Participant: 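The structure that follows is given in the form of structure tokens.
Naming: A, B, ... by sequence-line order, numbering from 1 per chain. What you see is a predicted model; the values in this text were computed from it and never measured.
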2 protein chains.
Amino acid sequence: MKKKHIYIYSPSSAVRDKAAFRRGLKRLQALGHEVEVDEAALATHQRFAGDDATRLAAIARAAASKADVALISRGGYGLTRILDAIPYKAVAKAVERGTEFVGLSDFTALQCALLAKTGAVTWQGPALGEDFGAEHGPDDIMEACFDDLLHGQGEGTGWRVPARDAGALEGFRALHGATLWGGNLCVLTSLLGTPYFPGVDKGVLFLEDVNEHPYRIERMLDQLRHAGVLARQKAVVFGHFTGTRKVPHDRGFDMKTVAARLRGLIKAPVLTGLPFGHVQTKVLLPVGAKVEVAADGRDVFLVWGHRGAGHGHGHAHGGGQHHHDHDH
Amino acid sequence: MKKKHIYIYSPSSAVRDKAAFRRGLKRLQALGHEVEVDEAALATHQRFAGDDATRLAAIARAAASKADVALISRGGYGLTRILDAIPYKAVAKAVERGTEFVGLSDFTALQCALLAKTGAVTWQGPALGEDFGAEHGPDDIMEACFDDLLHGQGEGTGWRVPARDAGALEGFRALHGATLWGGNLCVLTSLLGTPYFPGVDKGVLFLEDVNEHPYRIERMLDQLRHAGVLARQKAVVFGHFTGTRKVPHDRGFDMKTVAARLRGLIKAPVLTGLPFGHVQTKVLLPVGAKVEVAADGRDVFLVWGHRGAGHGHGHAHGGGQHHHDHDH
């Protein structure tokens with residue numbers, strides 16, 4: 001495989017797990033890549049990876065790096081503070097030149113703001129430490145999807161909707177030319193009402209979150225609903241909502257009731273089981289790309305074209321139970 | 001004192017602490033009031049005080065009650081779900097006829113939505129259980145402020161800004177005819193981008209929250225800032241932010257740094273120490289009322305007129321350290 005240039009930087013929280021950071025670097029190097037580490041990747045200021053100016057400069061350096069991929073070290077918190085100072089044009093130009101920006105969680109803020117401001121496409125996907133530096137080794141599917149991105153081969157993903165949610169696919173009609181977007185629900189919602197929230201019409205909105213109580217997830221979904229965002233989507237896709245905290249007085253209120261209620265309130269189908277979120281097995285998803293969505297039974301196929309190319313002939317990696325037959 | 005009619009209802013979470021609920025009822029009765037309890041006040045459905053239809057009907061009954069005060073049993077969660085079905089006109093008419101709606105926390109959603117939809121003024125203040133039913137008895141200042149509301153005597157409040165924040169009052173110029181609004185930061189922010197967020201210009205925005213990490217508080221404040229809301233305010237007033245959860249890797253990031261940073265980012269002064277929030281000593285605050293704000297040293301005076309009357313001659317109750325000289 002062709003050696004690729006990967007730029008590691010820290011736009012959000014300070015890297016605390018330095019062992020995972022080092023494991024991640026070694027893994028990428030072992031895969032044969034040239035890994036460049038930003039000078040402030042391990043900076044710390046309070047809970048952040050350096051003060052606001054330091055992190056803004058790191059983003060600018062990532063944009064100027066000419067790397068094939070600019071990969072965040074980790075998520076956490078820090079980007080919503082600096083949304084009014086991010087060098088969007090520089091990042092969009094880097095994307096145009098071929099640098100793929102990859103990240104998740106807090107990174108959702110930069111990705112959505114960039115989409116709103118410039119239309120540039122970036123990737124929700126892994127972070128260096130938690131994914132490539134995972135203690136028991138990185139996930140196969142995540143690495144295969146990342147490899148596809150590096151080599152321009154990935155054109156989609158597929159997964160199987162859990163049996164209990166199969167009803168959402170009844171009468172599902174394939175979508176063409178819809179805009180895929182989304183990310184972390186909490187971070188996405190924290191952009192509502194600001195100029196950094198993308199005005200995506202006829203979109204496919206994917207959402208995940210971690211360590212939130214289901215009532216907070218519902219409140220955020222309702223905010224998107226009341227804001228008219230959900231009515232403008234062709235599909236809503238749930239990734240994993242992990243670490244949802246229950247309390248005794250929920251009395252049956254949980255993510256299942258949240259999803260069931262949402263289905264009664266919006267027209268778009270609410271598909272579940274997307275292999276994405278704060279989990280090891282995650283696919284990469286292009287934020288802002290045009291996609292097609294098709295279903296066959298409980299199997300959903302989400303297909304995007306190569307950047308700059310048309311839709312195609314390619315293969316798709318999935319994280320569902322039936323998509324483990326991986327050829328890498 | 002004249003006997004007043006107080007209507008108790010549950011628009012949000014189910015009442016779990018029935019002992020506190022009963023203590024609250026007894027306390028209001030002991031004060032000589034006629035206390036009417038809504039038929040669904042103790043209803044439960046999942047985590048809610050009845051399903052959505054039940055709680056909507058309870059709000060409609062509170063509006064039709066002709067009570068002097070409609071007081072929530074408790075906050076929790078439940079109102080953002082039903083913002084598109086609340087009988088705003090009926091509530092506004094009830095306000096016009098003289099029913100004062102009092103509550104806090106989740107109730108912020110109804111109050112702000114009502115303000116956005118109708119301009120009607122309601123009160124941030126106590127809840128039945130946690131305040132009148134407090135285990136060691138209700139707070140004196142809270143009760144005095146509530147009594148002022150019942151008897152049309154309260155025209156304002158005052159408090160002392162903590163010494164460490166005195167700088168925020170340097171060069172403070174008195175405000176006239178500003179609109180007071182606010183409440184729970186998390187609930188208020190969950191309205192951003194929706195038709196239920198009040199478009200208050202030249203306002204005095206007060207905020208409180210409970211059990212949130214300072215980074216979440218900062219993210220919400222930044223959302224209000226990026227949305228242009230803070231730039232349109234004449235003052236931002238912090239009540240209590242209680243139960244703020246710190247973690248080891250905050251490394252100095254806390255509510256003090258959050259407030260200090262905000263002061264560097266917005267023009268409006270950020271005043272602290274307002275006796276309001278998830279604390280026992282709380283004043284009542286009219287959401288949507290025109291107010292005047294003056295300062296004398298570290299003492300802040302927030303004055304509103306009687307409903308339907310002009311500004312006046314009245315007295316103000318405060319929760320600051322120097323305002324304990326209470327005449328009730």
Side-chain angles (χ1 to χ4, degrees), chain A residues 12-17 44-48 51-52 76-84 106 109 113 186-187 189-197 199 211-216 218-229 246-254 257-258 261-262 264-265, chain B residues 12-17 44-48 51-52 76-84 106 109 113 186-187 189-197 199 211-216 218-229 246-254 257-258 261-262 264-265:
Chain A
S12 302
S13 279
V15 172
R16 301 294 180 202
D17 188 346
T44 66
H45 171 74
Q46 295 170 351
R47 55 185 297 123
F48 308 102
D51 62 16
D52 291 351
Y77 169 67
L79 280 164
T80 52
R81 282 167 62 106
I82 54 177
L83 285 171
D84 46 358
D106 190 51
C186 194
V187 175
T189 309
S190 78
L191 306 178
L192 260 175
T194 81
Y196 310 107
F197 192 86
N211 295 340
E212 295 288 349
H213 188 285
Y215 90 80
R216 285 178 174 262
E218 182 173 87
R219 188 163 60 194
M220 293 187 277
L221 291 168
D222 274 337
Q223 186 172 5
L224 292 170
R225 182 171 64 90
H226 293 318
V229 174
K246 290 182 194 175
V247 291
H249 62 252
D250 286 329
R251 304 272 175 95
F253 177 89
D254 59 16
T257 62
V258 168
R261 173 174 169 273
L262 187 65
L265 292 171
Chain B
S12 302
S13 280
V15 172
R16 300 295 179 201
D17 189 346
T44 66
H45 171 73
Q46 296 169 351
R47 55 185 297 124
F48 309 102
D51 62 16
D52 292 351
Y77 168 67
L79 281 164
T80 52
R81 282 168 63 106
I82 53 177
L83 285 172
D84 46 359
D106 191 50
C186 194
V187 175
T189 309
S190 77
L191 306 178
L192 260 174
T194 81
Y196 310 108
F197 192 87
N211 295 340
E212 296 287 350
H213 188 285
Y215 90 80
R216 285 178 173 263
E218 181 174 88
R219 188 163 61 193
M220 293 187 276
L221 292 168
D222 274 338
Q223 186 171 6
L224 292 169
R225 181 170 66 90
H226 292 319
V229 174
K246 291 183 195 176
V247 290
H249 62 252
D250 286 330
R251 304 272 177 94
F253 177 87
D254 58 16
T257 62
V258 168
R261 174 174 168 272
L262 188 65
L265 292 171

Participant: Identify the two heavy atoms, one from B:A227 and one from A:G193, that lie closest to each other, and give their separation to 0.1 Å.
Facilitator: CB-O, 3.2 Å
Participant: Checking B:T257 against chain A: side chain, backbone, both or neither under 4.5 Å from a heavy atom?
Facilitator: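 The side chain, not the backbone.
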Participant: Could you list the residues that satisfy ring pair (Phe, Tyr, Trp, His ring centres under 6.0 Å) with A:Y215, not counting sequence neighbours?
Facilitator: A:H213, B:Y77
Participant: Does some side-chain heavy atom of B:C186 sit less than 4.5 Å from a side-chain heavy atom of A:R219?
Facilitator: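 In short, these two side chains touch, coming nearer than 4.5 Å.
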Participant: So which part of B:R16 gets closer than 4.5 Å to some heavy atom of chain A, the side chain, the backbone, both or neither?
Facilitator: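 Side chain only.
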Participant: Please report the interatomic distance CG(B:D222) to CG(A:L79), rounded to the nearest 0.5 Å.
Facilitator: 11.5 Å
Participant: Check whether any side-chain heavy atom of B:H249 lies under 4.5 Å from a side-chain heavy atom of A:T44, and answer yes or no.
Facilitator: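 No, their side chains stay 4.5 Å or more apart.
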Participant: What part of B:L265 gets within 4.5 angstrom of chain A, counting heavy atoms only: side chain, backbone, both, or neither?
Facilitator: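 Neither part, no heavy atoms under 4.5 Å.
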Participant: Roughly how far apart are B:L191 CG and A:Q223 CD, rounded to 0.5 Å?
Facilitator: 7.0 Å
Participant: What is the distance from atom OG1 of B:T80 to atom CZ of A:R216, rounded to the nearest 0.5 Å?
Facilitator: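 It is 11.0 Å, given to the nearest 0.5 Å.
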Participant: Heavy-atom pairs under 4.5 Å with chain B are the metric here; pick the option from A:T194, A:D254, A:L192 that has the most.
Facilitator: A:T194
Participant: Can you tell me how far the NZ atom of A:K246 sits from the CZ atom of B:R47, to the nearest 0.5 Å?
Facilitator: 12.0 Å
Participant: Looking at A:S190, is its backbone amide N or carbonyl O close enough to the side chain of B:H226 to form a donor-acceptor pair, meaning the two atoms are under 3.5 Å apart?
Facilitator: no
Participant: Less than 4.5 Å to any heavy atom of chain A: does that hold for the side chain of B:F197, its backbone, both, or neither?
Facilitator: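 Contact with chain A is absent: no heavy atom of B:F197 under 4.5 Å.
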Participant: At a 4.5 Å cut-off on heavy atoms, which part of A:L224 comes close to chain B: side chain, backbone, both, or neither?
Facilitator: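 Neither; nothing under 4.5 Å.
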Participant: For B:V229, which atoms come within 4.5 Å of any heavy atom of chain A: side chain, backbone, both, or neither?
Facilitator: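 Nothing of B:V229, per the 4.5 Å heavy-atom cut-off to chain A.
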